[in-house]
Amino acid sequence: LARAAALSKISDSYRIHALELSDVTHSYSWERSLKGIDVIALCPGEIAEQLSFVSVFRSARRVFAELKLTVCFLPSYAPKQSLAAFMAAKSLGIRTVMMNDSHAGTSWARGPSAWIKRRLVGMFDAGLVAGQPQKRYFASLGIPPEKIFTGYDAVDNDFFDCRAAEARGRKSEVLNRYALPGRYFLSLG
């Protein structure tokens, strides 16, 4: 959502649509902020991790066509649900951009798996990656270096500023709820 919001802020000439596999997931339990972002669930009400390749492919193809997408930013070709969305975009002739922060040091693919990975990654029209190690890695997998851009990592600072202000306004309640001392250091890494 932070990436979609950031893209919306800098895009004057394009309409940005944020799409998600489903509005139900077992992987994440946080509440999300949707202010100012139109989010469309491809398979609403279904559990994202349990969606079949075919159901995602069909839904994605229908929604992509209805929206008349010209470019589709995708997190990857894996798991199967992402591959289905990627294949739906390709079947409609939509340009695809892989968003990723993997690099050579995180790669586990060997032998036939590495060959398949190179073929899939090479089918993307461009890449949006976290930094130079990621750019080198995806270039080695077949995306032309001149079509790989950095800037993948985005944080919705306004969201965190607002939530921090809310927490500061309820300081005593927050300290009691989490059994925190009056002064503490919080590190998230």
Which heavy atom of [X] sits nearest a heavy atom of [Y], and at what distance?
| X | Y | answer |
| --- | --- | --- |
| Lys80 | Phe53 | O-CD1, 3.5 Å |
| Asn100 | Pro75 | ND2-O, 3.7 Å |
| Met123 | Thr96 | O-OG1, 4.0 Å |
| Ser22 | Gly45 | OG-N, 4.0 Å |
| Leu51 | Glu46 | CD2-OE1, 3.2 Å |
| Leu128 | Val97 | N-CG1, 3.8 Å |

Expected output: side-chain [X] to main-chain [Y] donor-acceptor under 3.5 Å:
| X | Y | result |
| --- | --- | --- |
| Ser59 | Val56 | no |
| Lys117 | Arg110 | no |
| Thr106 | His103 | yes |

Treat each ILVMFWY residue as a node, draw an edge where side-chain heavy atoms are under 4.5 Å apart, and state whether [X] and [Y] are in one component.
| X | Y | answer |
| --- | --- | --- |
| Val63 | Val39 | no |
| Phe86 | Leu67 | no |
| Met98 | Leu83 | yes |
| Phe185 | Leu175 | no |
| Leu74 | Leu19 | no |

Find the distance between [atom1] ([X]) and [atom2] ([Y]) and round it off to the nearest 0.5 Å.
| X | Y | atom1 | atom2 | answer |
| --- | --- | --- | --- | --- |
| Leu141 | Arg119 | CG | CZ | 10.5 Å |
| Tyr77 | Ile116 | OH | CD1 | 9.5 Å |
| Lys90 | Arg61 | NZ | CZ | 13.5 Å |
| Ile94 | Leu69 | CD1 | CG | 5.0 Å |
| Lys147 | Asp125 | NZ | CG | 6.5 Å |
| Arg177 | Ser172 | CZ | OG | 14.5 Å |

Please tell me if the side chains of [X] and [Y] come closer than 4.5 Å, counting only heavy atoms from C-beta onward.
| X | Y | value |
| --- | --- | --- |
| Lys135 | Phe149 | no |
| Arg15 | His17 | yes |
| Thr25 | Glu49 | yes |

Exercise for the section: Verify the distance criterion only: is there a donor paired with an acceptor across the side chains of Thr150 and Gln132 at less than 3.5 Å? Expected result: no
Handout entry: Any donor-acceptor N or O pair under 3.5 Å, side chains Ser102, Gln134
Key = no
Problem - Test ring pair (Phe, Tyr, Trp, His ring centres under 6.0 Å) applied to Phe138 and Phe124, step by step - result: CA-CA 10 Å; Phe138 284 100; Phe124 281 86; 8.6 Å; no
Practice task
For Phe57 and Ser91, run side-chain contact (heavy atoms from CB on, under 4.5 Å): C-alpha distance rounded to whole Å, both residues' side-chain angles, the deciding distance at 0.1 Å, then the answer.
Solution key: CA-CA 10 Å; Phe57 179 84; Ser91 75; 3.9 Å; yes
Problem - Worked verdict on His26 versus Ile47 for side-chain contact (heavy atoms from CB on, under 4.5 Å) - result: CA-CA 7 Å; His26 286 311; Ile47 299 169; 3.2 Å; yes
Problem - Evaluation steps, salt bridge (Lys or Arg N to Asp or Glu O under 4.0 Å), between Arg163 and Asp158 - result: CA-CA 9 Å; Arg163 296 302 295 261; Asp158 293 338; over 6 Å; no
Exercise for the section: Check step by step if salt bridge (Lys or Arg N to Asp or Glu O under 4.0 Å) holds for Glu166 and Arg170. Expected result: CA-CA 7 Å; Glu166 289 173 16; Arg170 299 179 295 118; 5.2 Å; no
Practice task
Show the numbers, then the answer: is there a side-chain contact (heavy atoms from CB on, under 4.5 Å) between Val129 and Ile148?
Solution key: CA-CA 7 Å; Val129 299; Ile148 303 174; 3.7 Å; yes
